[in-house]
Amino acid sequence: MNYWLVKTEPETYSFDKLLSDKKTIWDGIRNYQARNYLKDMKKGDWVLVYHTGSAKEIYGIAKVMKPAFPDPADTEWFAIELAPVQKLKSAVPLTKIKTDTKLNSMVLLKNSRLSVQPVTTSEFDRIIELSEKH
DNA sequence: GCCAACGTTGGC
DNA sequence: GCCAACGTTGGC
């Protein structure tokens, strides 16, 4: 089981929208590095959902329902199907991630433009730990 | 709204 | 194959 992080602009597609939709096709990825990570996703992998823009926080957890398949809009690229697992009890803001010694080597900070990225088990566990505090 | 940090495109 | 110009992302 692997862990990932995907970014979304909440004004465009938020985690709350995913909760109400029950599942969604995560498509439109047009970056080769991101595409390669998409193709590595397996059914059942967990995916942190990060809100960009004014939010800048990890907001919820989703899981991979269908591994990579050709993006219907452009079959050169790939898409996956995601379903919500749960909204984090409290979102973990970027500012917290930057200052947390267990999180400050996350790809999120090192490669801020990458929209699909791997997360280590210890990073994932730490995010969950922080989200349970108030 | 600005711009740094990328990624892509296309002329050479 | 190099790299200047351009486009995009996303934090500030």
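Residue numbers start from 1 in every chain, and the chains themselves are labelled A, B, ... in the order their sequence lines are given, proteins ahead of strands.
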Quiz item: When you look at A/Asp125 and A/Lys102, which way does the salt bridge (charged side-chain N to carboxylate O under 4.0 Å, His left out) test go after all the steps?
Solution: CA-CA 10 Å; A/Asp125 291 346; A/Lys102 292 176 181 166; over 6 Å; no

Rounded distance (Å) that lies between atom [atom2] of [N] and atom [atom1] of [X]:
X        : N     : atom1 : atom2 : value
A/Gln117 : B/dG7 : CD    : P     : 13 Å
A/Ile29  : B/dT8 : CD1   : P     : 13 Å
A/Gln33  : C/dT9 : CD    : C1'   : 14 Å

Quiz item: Who passes side chain to side chain donor-acceptor pair (under 3.5 Å) against A/Gln117, sequence neighbours left out?
Solution: none

Quiz prompt | Which residues share a side chain to side chain donor-acceptor pair (under 3.5 Å) with A/Arg126, sequence neighbours left out | solution =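 Only A/Asp100, A/Glu129 meet the side chain to side chain donor-acceptor pair (under 3.5 Å) criterion with A/Arg126.
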
Quiz prompt | A/Phe78: ring-ring contact (aromatic ring centres under 6.0 Å, His included) partners, not counting sequence neighbours | solution = none

Self-check item: Shortest non-hydrogen contact between A/Val119 and A/Phe124, atoms and distance
Solution: CG1-N, 3.7 Å

Quiz item: Closest approach of A/Ser115 and A/Ile29, non-hydrogen atoms and distance?
Solution: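 Of all heavy-atom pairs spanning A/Ser115 and A/Ile29, the closest is OG-CD1, 3.9 Å.
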
Short N/O separations, protein against nucleotides 10-12 of chain C, under 3.5 angstrom:
residue: C/dG10; atom: OP1; partner: A/Lys7; partner atom: NZ; Å: 3.3
residue: C/dG11; atom: OP1; partner: A/Tyr50; partner atom: OH; Å: 2.9
residue: C/dC12; atom: OP1; partner: A/Lys98; partner atom: NZ; Å: 2.1

Quiz prompt | side chain to side chain contact (heavy atoms under 4.5 Å, CB included) assessment of A/Ile128 paired with A/Ile61 | solution = CA-CA 10 Å; A/Ile128 299 307; A/Ile61 308 168; 3.5 Å; yes

Under 3.5 Å, which N/O atoms of the protein pair with N/O atoms of nucleotides 2-5 of chain C?
none

Self-check item: Listed once per pair and sorted, the ring-ring contact (aromatic ring centres under 6.0 Å, His included) pairs that draw on residues 8-36 of chain A, sequence neighbours left out
Solution: A/Tyr32-A/Trp77

